[in-house]
There are 2 protein chains.
Amino acid sequence: MRRKVTLKQIAKELDVSISTVSKSLRDSPEISEDTRLKVQAFAKLYNYKPNNIALSLKNKKTKTIGIIIPEIVHHFFATVISGIEQVANESGYNVIVCLSDESFDKEVINMEMLANGSTDGFIMSLSKETQQKKDFHHLQEVINQGMPVVLFDRISNDIMCDKVIIDDQLAAYEATNFLISKGLKKIALLTTVDYVSVGKLRTDGYLNVLLDHGIEVDESLIIRIEDTEHCDEKINELLENKTIDAILAVNELFAVTAIKLAMSKGIKIPEDLSVVAFTDGIISKYSTPTITTISQNGIKMGRKAAEMLINRLELEDEDDEHYRTEIIETNLIIRESTKS
Amino acid sequence: MRRKVTLKQIAKELDVSISTVSKSLRDSPEISEDTRLKVQAFAKLYNYKPNNIALSLKNKKTKTIGIIIPEIVHHFFATVISGIEQVANESGYNVIVCLSDESFDKEVINMEMLANGSTDGFIMSLSKETQQKKDFHHLQEVINQGMPVVLFDRISNDIMCDKVIIDDQLAAYEATNFLISKGLKKIALLTTVDYVSVGKLRTDGYLNVLLDHGIEVDESLIIRIEDTEHCDEKINELLENKTIDAILAVNELFAVTAIKLAMSKGIKIPEDLSVVAFTDGIISKYSTPTITTISQNGIKMGRKAAEMLINRLELEDEDDEHYRTEIIETNLIIRESTKS
DNA sequence: AAACCTTTCGAAAACGTTTTCGTGTTGAAA
DNA sequence: TTTCAACACGAAAACGTTTTCGAAAGGTTT
């Protein structure tokens, strides 16, 4: 068990000062070639690598990005992390991941843990509970301390910081418009409860397009699903009591569940019922039929978020109070679940 | 912008020494109640929290676990991280995630980065390239330095450390046995190239069960798929040239692809062809038909790995050279893709 | 020989903690 | 009054770096 070697140990071995060793390894011109080479050779032999913690303490920079997301077992969030990690890696940053499990308290705890020196900044997506409570003091605190924060997907307009989102409202509008253009009129919406920011926006887009086409909104076609447990039940209710042409679902799970239930009732997809879902993930690509989706490029979202954060970290301009909101374009990926 | 307050600042404000402040906050009996309360009140007012980096440097412990996995956009790995994070969180540890992208070099770089003080130990799953090259010097180095390492899923017997796996061979044996018990004989195997440890083991299990039942092994029924690009092609070839009863696939993707291709050829599942897949993920649960799988509980695997690592970290027994290999039980989840 | 410059190195501070040890003050016991 | 313990606090080291500044040694210029 050969423990890591430090500058001090090298200095002692070679009978020089710590400063000399440090300078030698950083190729300082202050040091004669003789000693420089000697030190470098010795350091290489013992595989010296500077201690990151000591560097962090000295430089007041950790080269680490904190990511706080509701959950990781969710394809979209996994792709975002992947995107973040890509550009973080390119710039010599590490990422430390914390999960809030959709809990406000866990979000706060994690944030406070990481804020005490562990990271240089945050990239996060708000938990459901946080969005519901509208309590953002933990974010505000961190921002006030001068740590940059980038929010993505589940954001809040109450927080002044950089953001990266998709235009949920527009995407919902266009997707619904696509269905209407196929001659479909009775379009149901499977969405979440309104306090989830993206659910609300997608619902708004759906409502707007109906309005613009002079289609009367039938509130009973809008199903707000709180938790996935009651998903089946509520969708069943819809399918049995209403005759509908099409479904817009705010996520893959709602869509695939609806398709399965419909097919089991003898409803043909897409002949009798067209389905479009948000979030282009694994399920849509591999289910039968494959599902037409609104792509929500998580990789790109993660990359952009990381770029914005690192940009702010490297810019020592301190307080550039000009926050940006980047919008990642979506596009409709047409597959088998919609009429052609 | 109110920066974080330090002991030194509090000491200056209150006109006491740094030590007094530190001791007061840690409720040391050395300090009089007067000053103790005064300091604590002041600290609370300014929301003092000790700096993690400074603590790490002092204690030579970071309370951070390094996770290095091939990729995160993969349901199984995401669940493992989730499991790790659960117990890490319970014990006050953070996790820092690095992705190797199946590349040996990235694995080495990430490991060296984290090994220089950033983490107390590692939990990892080897990249394909690493398993192919059989070069584990980076792992050995870290272990020699006294940092504990726990390998999961993609492991190597050449490395002496704690491990947590499923019994791939047994699971493959039992799954194939299940197919045979349904009267199926011509069972194809969709597997990976042999250097992927789990692929090899699953193949072995498949071979053993055929041997035990006196079924002749038809090498042309064993399809070794290197990259997912040629997946379709190779499976098509199999379906067209051979008549088979059943398929055992070493992952969900191979299984769902095979099912789709088979159905497009008019082959009925499960009447004409039964399919069993390794890794119980999202796809199997939501595809049509749903797929019978061998559950590989990622959460449990992650939890166990984290427990083993933290155990070693907290045990200051130093070198307990007695390494364990934990086996997570699997079970067959029977769904629609197999005959009943 | 005096003054000065260059080269080469070391001492020390700094980052923010914790902890050991020393020390001054007070009160009580001798 | 002296002695001693208890109490309350501060100085300093330590963790591992980097960097500023000072200084010794040697050589060069007047």
Side-chain angles (χ1 to χ4, degrees), chain A residues 3-40 42-43 46-64 113-120 145-147, chain B residues 3-40 42-43 46-64 92 113-120 145-146:
Chain A
R3 279 242 137 72
K4 297 234 65 145
V5 63
T6 69
L7 287 187
K8 192 193 281 194
Q9 290 165 25
I10 298 183
K12 196 172 174 186
E13 277 319 302
L14 263 46
D15 204 40
V16 293
S17 77
I18 296 181
S19 358
T20 304
V21 178
S22 176
K23 287 172 190 164
S24 297
L25 296 178
R26 327 203 100 249
D27 280 325
S28 160
E30 278 185 48
I31 306 297
S32 72
E33 196 176 352
D34 265 16
T35 46
R36 190 160 48 78
L37 292 181
K38 184 179 64 179
V39 171
Q40 289 180 351
F42 191 90
Y46 280 85
N47 192 27
Y48 170 79
K49 296 275 168 52
N51 180 302
N52 289 330
I53 298 290
L55 286 179
S56 295
L57 185 59
K58 179 129 219 349
N59 302 332
K60 294 170 148 273
K61 282 190 183 173
T62 62
K63 287 288 220 170
T64 305
M113 272 219 73
L114 298 189
N116 297 319
S118 301
T119 65
D120 295 341
Q145 283 169 16
M147 295 185 83
Chain B
R3 279 242 137 73
K4 297 234 65 146
V5 63
T6 68
L7 287 186
K8 192 192 282 194
Q9 290 164 26
I10 298 182
K12 197 171 175 185
E13 284 308 311
L14 263 47
D15 205 39
V16 293
S17 77
I18 297 181
S19 357
T20 303
V21 178
S22 176
K23 288 172 190 166
S24 297
L25 295 177
R26 328 203 102 248
D27 280 325
S28 160
E30 279 186 52
I31 305 299
S32 71
E33 195 176 355
D34 264 17
T35 45
R36 190 159 49 77
L37 292 181
K38 183 178 66 179
V39 170
Q40 289 180 351
F42 192 91
Y46 281 86
N47 192 27
Y48 170 79
K49 297 274 169 50
N51 180 302
N52 289 330
I53 297 291
L55 285 180
S56 295
L57 185 59
K58 180 130 216 352
N59 302 332
K60 293 170 150 277
K61 284 191 182 172
T62 61
K63 288 288 221 168
T64 305
M113 272 217 74
L114 298 188
N116 297 318
S118 300
T119 65
D120 294 341
Q145 283 169 18

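A, B, ... follow the sequence lines: proteins, then strands. Residue 1 opens every chain.
- Close to D:dA8, at under 4.0 Å from its OP1 or OP2, lies no side-chain N or O of B:T35.
- Comparing A:T20 and B:E30 along DNA chain D, the residue whose closest nucleotide (by nearest heavy atom) sits nearer the 5' end is B:E30.
- The distance between atom CG of B:L37 and atom C1' of D:dA8, rounded to the nearest whole Å, is 15 Å.
- Each of B:K23 and B:K58 lies near DNA chain C, and the nucleotide nearest B:K58 is the one positioned closer to the 5' end.
- Heavy atoms from other residues, nucleotides or ligands lying under 6.0 Å from NZ of B:K12 number 12 at most.
- Annotation: A:D15, atom CG; neighbour count of heavy atoms from other residues, nucleotides and ligands within 6.0 Å does not exceed 12.
- Judged by closest nucleotide on DNA chain C, A:I31 is the one of A:I31 and B:Y48 placed further toward the 5' end.
- A:L7 comes within 4.0 angstrom of a nucleotide base, judged by non-hydrogen atoms across all strands.
- Put simply, the side chain of B:S19 and the base of D:dA11 share a donor and an acceptor less than 3.5 Å apart.
- In terms of heavy-atom proximity, B:K4 sits nearest to B:N47 at NZ-O, 4.4 Å.
- Helical stems in DNA chain C, defined as runs of 3 or more consecutive Watson-Crick or G-U wobble pairs with both donor-acceptor distances under 3.5 Å, are listed by first residue as C:1-30 with D:1-30.
- Side chain of A:N51 to backbone of A:I53: a donor-acceptor contact under 3.5 angstrom is found.
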Can A:D27 and A:Q40 be said to form a side-chain contact (heavy atoms from CB on, under 4.5 Å), step by step? CA-CA 9 Å; A:D27 280 325; A:Q40 289 180 351; 2.8 Å; yes
side-chain contact (heavy atoms from CB on, under 4.5 Å) assessment of A:L7 paired with A:L25: CA-CA 10 Å; A:L7 287 187; A:L25 296 178; 3.9 Å; yes
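- A:S22 comes within 4.0 angstrom of a base, heavy atoms only.
- Protein chain B contacts DNA chain C from C:dC15 to C:dC21, reading 5' to 3' and using non-hydrogen atoms of the protein with a distance under 4.0 Å.
- No donor-acceptor distance shorter than 3.5 angstrom exists from the side chain of B:N52 to the backbone of A:L114, with no hydrogens or angles considered.
- In this structure, A:V5 and A:Y46 approach most closely via the heavy-atom pair CG1-O, 3.6 Å.
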Do A:T119 and A:M147 pass the side-chain contact (heavy atoms from CB on, under 4.5 Å) test, and can you show the C-alpha distance, the side-chain angles, and the key distance before you say yes or no? CA-CA 9 Å; A:T119 65; A:M147 295 185 83; 3.6 Å; yes
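- Annotation: of the two residues near DNA chain D, A:N59 and B:L57, the 5′-most nearest-nucleotide partner is B:L57.
- When the P atom of D:dC7 is taken as reference, atom CZ of B:R36 falls 14 Å away, rounded to whole Å.
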